[in-house]
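Proteins come first, then strands; the chains are lettered A, B, ... in the order of their sequence lines, and each starts at number 1.
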Amino acid sequence: MRKMFALAGLLASLNGSYSMVHASDWNMPVGVSQVSRDVYGLHMIIFWICVIIGVIVFGVMFYSLFRYRRSKGAKAAQFHEHTTVEIVWTAIPFLILIAMAIPATATLKNMYDASEADYDVMITGHQWRWQYDYMGEDVTFFSNMSTPREQIAGTEEKGEHYLLEVDQPLVLPVDRKIRLLTTSADVIHSWWVPDLAVKKDAVPGFVNESWTRIDEPGIYRGQCTELCGKDHGFMPVVVHAMEQEQFDTWLAERKQAAAEEAGGVDREWALDELIERGEKVYATICASCHQAEGQGMPPTFPGLAGNQALMDDLDRHIDVVVNGVSGSAMAAFSGTLSPVDIAAVITFERNAWGNDTGDAVQPADIQALVSP
Amino acid sequence: MAPKSPPKATLEHSQSASGSAAAHHVEEHHYRSGPLRWLLTTNHKEIGSLYLIFSLSMFMIGGAMALIIRLELFQPGLQMVQPEFFNQMTTMHGLIMVFGAVMPGFVGLANWMIPLQVGAPDMALPRLNNFSFWLLPIAFTLLLSTLLMPGGGPNFGWTFYAPLSTTYAPPSTTFFIFALHMAGISSILGAINIIATILNLRAPGMRLMDMTLFVWTWLITAFLLIAVMPVLAGVITMMLLDINFGTSFFNAAGGGDPVLFQHLFWFFGHPEVYIMILPAFGIVSVIIPTFARKRLFGYASMVYATASIAILSFLVWAHHMFAVGLPLVAELFFMYTTMLIAVPTGVKVFNWITTLFRGEITFETPMLFALAFVVLFTIGGFSGLMLAIAPADFQYHDTYFVVAHFHYVLVPGAVFSIMAAVYYWLPKWTGHYPDERLGRWHFWLSVIGVNLLFFPMHFAGLAGMPRRIPDYALQFADFNMASSIGGFLFGFSQLLFIWVIVKCVRGGVKAPASAWDGATDLEWTVPSPAPLHTFETPPDLRGFKFH
């Protein structure tokens, strides 16, 4: 098999693209893991097989089209079958395919062996952000696209990593086997990083398994590849691979931040403090459906600004955010947002866009609801 | 223009052109005039024309939607439309092109040509034929009307994966389901009619292995339709129940299984893609021998290859789902079966090319389209072979590489074959040759446009651009701009196609019964234009030398 990959590499170098380790503008990236290099090799082998067959087939075809035209005085021959030829051109493709299936099977088996991983990361797709959970480490966070809306609308110049940048990337150590578990909280998404040759659907109700071992530190970008609704195109994946020591430092900092966050539940929060925090939560989580000014997009996504029925019923408002609305696009946020964030965002919604209820929802009350 | 010689087939019952025209002149007075005639017609030629006109209208509507997509994707950023509307456009474009343009186009050709090619007076079930057609305008009016409903039309892709198409769908989805049910019933009834016609109404002396490849491929296609359209009906009914009656077939929170949806959809969907290509194989297998003036090479192996492809089409569906998390054994099984399809498909391509080899070739417009089909469909076949390699498919899946692949097999594949067929049979339908000069312009503009449109998509996909996104990262900008320019070139070239057809209906160089000197099939023994009724007495083909 190694020989075949070497052959593919040789052929690819004719193409001038093999020397580029990172994303090529024209071809599949070679990537930064053994699996991604194997996949690239398979891709180039099958590509060149197709090119060679194409040259032969189209060569014969265009030869016939030039040589046997009536305007050149050609006279039609009468033959219309030839058993030997027909058997040969059925058998040869069959043999080529068997030769191709062997390395493909080996690579696929390797891709499916997620055993003995050093780290497990649970990846949950949400409309329209990713959530990463370092299992057993008590570290979990959302990863939202950070490209400003102004760049998309064209009122601001587009940055270098337009649409492929996030607020918090998935941070992974290099040279470690990482098991990636994918699932979804709402519709089907698909988590893809071309440089790792990992693409796995995130399906609600299922946990899919894949793995990677990254060779080089760096930032690797990808996108959601399963149509998941309105903002499907705005759901990038960014992986930041770093050396183990750096990773350990990063993980320790995240753990400490998480511990501090948990402490915030017990204290009394002021109204302004909640609104300030809630505004940020709203912008990253809620605004894509309910819109920046709370106007919503009826009938699918109801408006919140001036929604008197909701403002009159605090309990229902809390219930909707915590438990979701069954049979609709409204997800239950009890599992994905912290009690502080839930309390803050509800408080913000009840005191923004003319909803002047003055209600301040305390994180402790939400905590009591979520885990009584 | 091909010299016009009398048909090579000489039949006992063939009538002289002038004689039959006079005979039919009297009969046609029985027919109503005005719109009711078209509403109530049971004549296979009229229904065939209705199907073809419907298909062309849908092709233009679906094409206009594609141009909206290409306009938005001309540059990075959101300029023309919002993502919600963009998603409705991608969804409706796919649904209309698949169910409204390509399938009815082939059914229209089947209606016109199958009775003429098997020597039958009409389709076996003429009233059912009328019903099959008239379901379609109703279904598609309903489908298009969803765009105006609150919450907009279907926005979940033509594959309508649950739960995006159930729990998270706009309220108009119920109407989408109803429309698709009607289109499905139309297809099933049409398929029954085609099978009944081919099996029962062949002229005496025509055995199955005497039929043209067009009839053969349609016979096999019709069986595929009967096998899989009910599966589609089942899956959309399950959606209907999930949306309106509180079931949880595809809702994980209720114990359902979103992946089940994909298995059911692609069990329908993969044979469906062959439904859209097998009749194309038939058309090309009829046109190439005509203009190479040489019998089709390997007739029997063509029939067996078509049947093998049809059988294999039931065993490959999960290659659309390699990234969904199937177990390793399933991935391997579906990878092997999918690779296997390359064998019979290769046989077909080799047969076409060997038919050309040592022929006596001329390049009229139908031949140009047929030759472009062979080259460009084969390119789509190559990318299909690449997609079959499951480990590599993880990189290709749901990117523009896939979009390039299936547009190559569907546009310069299926659609070019329909255009080839239209140019080939227009003399039979109208009694006039289509304008050869305009036809060539149409061909060259289309072939340049279609390649500029779809070839760069291979690169965009390999470089990492996902499909179905309204906006994209900057490194994909050049490919998208090229695609958009190609899209507009291809799209507007089709106005020329309409003009050629209108011009041909209205007049032109008169065509004799056998319009192409290399053509030997039965339809060229009846006058041009074909009178409303043909083969009222079946021709006796015993002892007739076929193809």
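B:N155 touches chain A through its backbone: at least one of N, CA, C or O sits under 4.5 Å from a heavy atom, while the side chain does not. In this structure, chain B has heavy atoms under 4.5 Å from both the backbone and the side chain of A:H82. Interface remark: A:F94 contributes backbone and side-chain atoms alike to the contact with chain B (heavy atom separation under 4.5 Å). For chain A, the nearby part of B:Y472 is the backbone; its heavy atoms alone come within less than 4.5 Å. Using a 4.5 Å cut-off between heavy atoms, A:A185 touches chain B through its backbone atoms (N, CA, C, O) alone. The contact between A:A153 and chain B is made entirely by backbone atoms, counting heavy-atom distances below 4.5 Å. With a 4.5 Å cut-off on non-hydrogen atoms, B:S383 does not touch chain A at all. Heavy-atom distances place no part of B:I243 under 4.5 Å from chain A, backbone and side chain included. At a 4.5 Å heavy-atom cutoff, B:F85 makes no contact with chain A through either its backbone or its side chain. At a 4.5 Å heavy-atom cutoff, the contact between B:A162 and chain A is made by backbone atoms alone. Both the backbone and the side chain of B:P150 come within less than 4.5 Å of a heavy atom of chain A. For A:K109, the parts lying near chain B are the backbone and the side chain together; criterion is any non-hydrogen pair under 4.5 Å. Heavy atoms of A:L65 lying under 4.5 Å from chain B belong to its backbone as well as its side chain. In this structure, chain B has heavy atoms under 4.5 Å from both the backbone and the side chain of A:D186. Of the two parts of A:V203, only the side chain, counted from C-beta on, holds a non-hydrogen atom closer than 4.5 Å to a non-hydrogen atom of chain B. Only the side chain of A:Y112 comes within contact range of chain B, with at least one heavy atom under 4.5 Å from a heavy atom of that chain. In this structure, chain A has no heavy atom under 4.5 Å from any part of B:D478. Proximity to chain A (any heavy atom under 4.5 Å) is shown, for B:A300, by neither the backbone nor the side chain. With a 4.5 angstrom heavy-atom cutoff, B:L328 touches chain A via backbone and side-chain atoms both. For a residue to count as touching a neighbouring chain, one of its non-hydrogen atoms must lie under 4.5 Å from one of that chain's; by this rule B:P76 touches chain A with backbone and side chain alike.
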Task: Intermediate values then yes/no, side chain to side chain contact (heavy atoms under 4.5 Å, CB included), B:M335 and A:T105 - done: CA-CA 9 Å; B:M335 174 168 80; A:T105 303; 3.8 Å; yes
Task: Working for side chain to side chain contact (heavy atoms under 4.5 Å, CB included), residues A:T107 and B:I389 - done: CA-CA 10 Å; A:T107 303; B:I389 310 298; over 6 Å; no
Task: side chain to side chain contact (heavy atoms under 4.5 Å, CB included) between A:R67 and B:F357, worked out - done: CA-CA 9 Å; A:R67 172 77 180 71; B:F357 185 71; over 6 Å; no
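Side-chain contact between A:L164 and B:Q475 is present, with at least one heavy-atom pair separated by less than 4.5 Å. Looking at heavy atoms from C-beta onward, A:I188 lies in side-chain contact with B:Q262 at the 4.5 angstrom threshold. By the 4.5 Å heavy-atom criterion applied to side chains, B:D398 and A:S190 are not counted as neighbours. A:V187 has its side chain out of reach of B:Y161: every pair of non-hydrogen atoms, C-beta onward, lies at least 4.5 Å apart. Contact check for B:T378 versus A:I53: no side-chain heavy atoms found under the 4.5 Å cut-off. Here the side chains of B:Y299 and A:E81 are not in contact, with every heavy-atom distance at 4.5 Å or above. Inter-residue side-chain proximity for B:V259 and A:F206 is flagged as met; some heavy-atom pair is nearer than 4.5 Å. The shortest distance between side-chain heavy atoms of A:K199 and B:T399 falls below 4.5 Å.
Once rounded to the nearest 0.5 Å, the distance linking CD1 of B:I469 with OG1 of A:T225 reads 10.5 Å. Of the inter-residue distances, the one linking B:R467 atom CZ with A:E226 atom CD reads 8.0 Å to the nearest 0.5 angstrom. A distance of 4.5 Å separates CZ in B:F394 from NZ in A:K200, rounded to the nearest 0.5 Å. Here OG1 of B:T159 is found 7.5 Å from CG of A:L227. Values are rounded to the nearest 0.5 Å. Here the CG atom belonging to B:L356 is positioned 6.0 Å from the CE atom belonging to A:M61, to the nearest 0.5 angstrom. Here NE2 of A:H43 is found 7.0 Å from CZ of B:F401. Values are rounded to the nearest 0.5 Å.
Between B:D517 and A:R70 there is a salt bridge, with a side-chain nitrogen of the basic residue lying less than 4.0 Å from a carboxylate oxygen of the acidic one.
Looking at every heavy atom in both residues, B:G359 comes nearest to A:A74 through O-CB, 3.6 Å.
Annotation: B:R358, atom CZ; neighbour count of heavy atoms from other residues, nucleotides and ligands within 6.0 Å does not exceed 12.
Contact count against chain A (heavy-atom pairs under 4.5 Å) is highest for B:P466 among B:A252, B:G246, B:P466, B:G461. Most heavy-atom pairs under 4.5 Å with chain A: of the set B:G151, B:G346, B:P163, this distinction falls to B:P163. The most heavy-atom pairs under 4.5 Å with chain B, out of A:H161, A:Q223, A:M297, come from A:Q223. Most heavy-atom pairs under 4.5 Å with chain A, from the set B:T90, B:N351, B:I379: that is B:N351. With chain A as partner, the option from B:D471, B:L474, B:V343 having the largest number of non-hydrogen pairs under 4.5 angstrom is B:D471. Taking chain A as the reference chain and counting heavy-atom pairs below 4.5 Å, the highest number among B:Q82, B:M321, B:E331 is found for B:E331.
With sequence neighbours excluded, the residues that form a side chain to side chain contact (heavy atoms under 4.5 Å, CB included) with A:D231 are A:W128, A:R149, A:F234, A:S288, B:P83. Residues passing the side chain to side chain donor-acceptor pair (under 3.5 Å) test with A:W192 are B:Q395, sequence neighbours excluded.
The aromatic rings of B:F350 and A:W89 are tilted relative to each other, their planes meeting at an angle between 30° and 60°.
Side-chain atoms of B:Y168 and A:Q127 form no donor-acceptor pair, as typed in the model, at a separation below 3.5 Å.
Relative to the six-membered ring of A:F79, B:K294 meets both conditions, a distance below 6.0 Å and an angle of at most 45° to the axis.
Checked by atom type and distance alone, the side chain of A:D201 never pairs as donor or acceptor with a backbone atom of B:G325 at under 3.5 Å.
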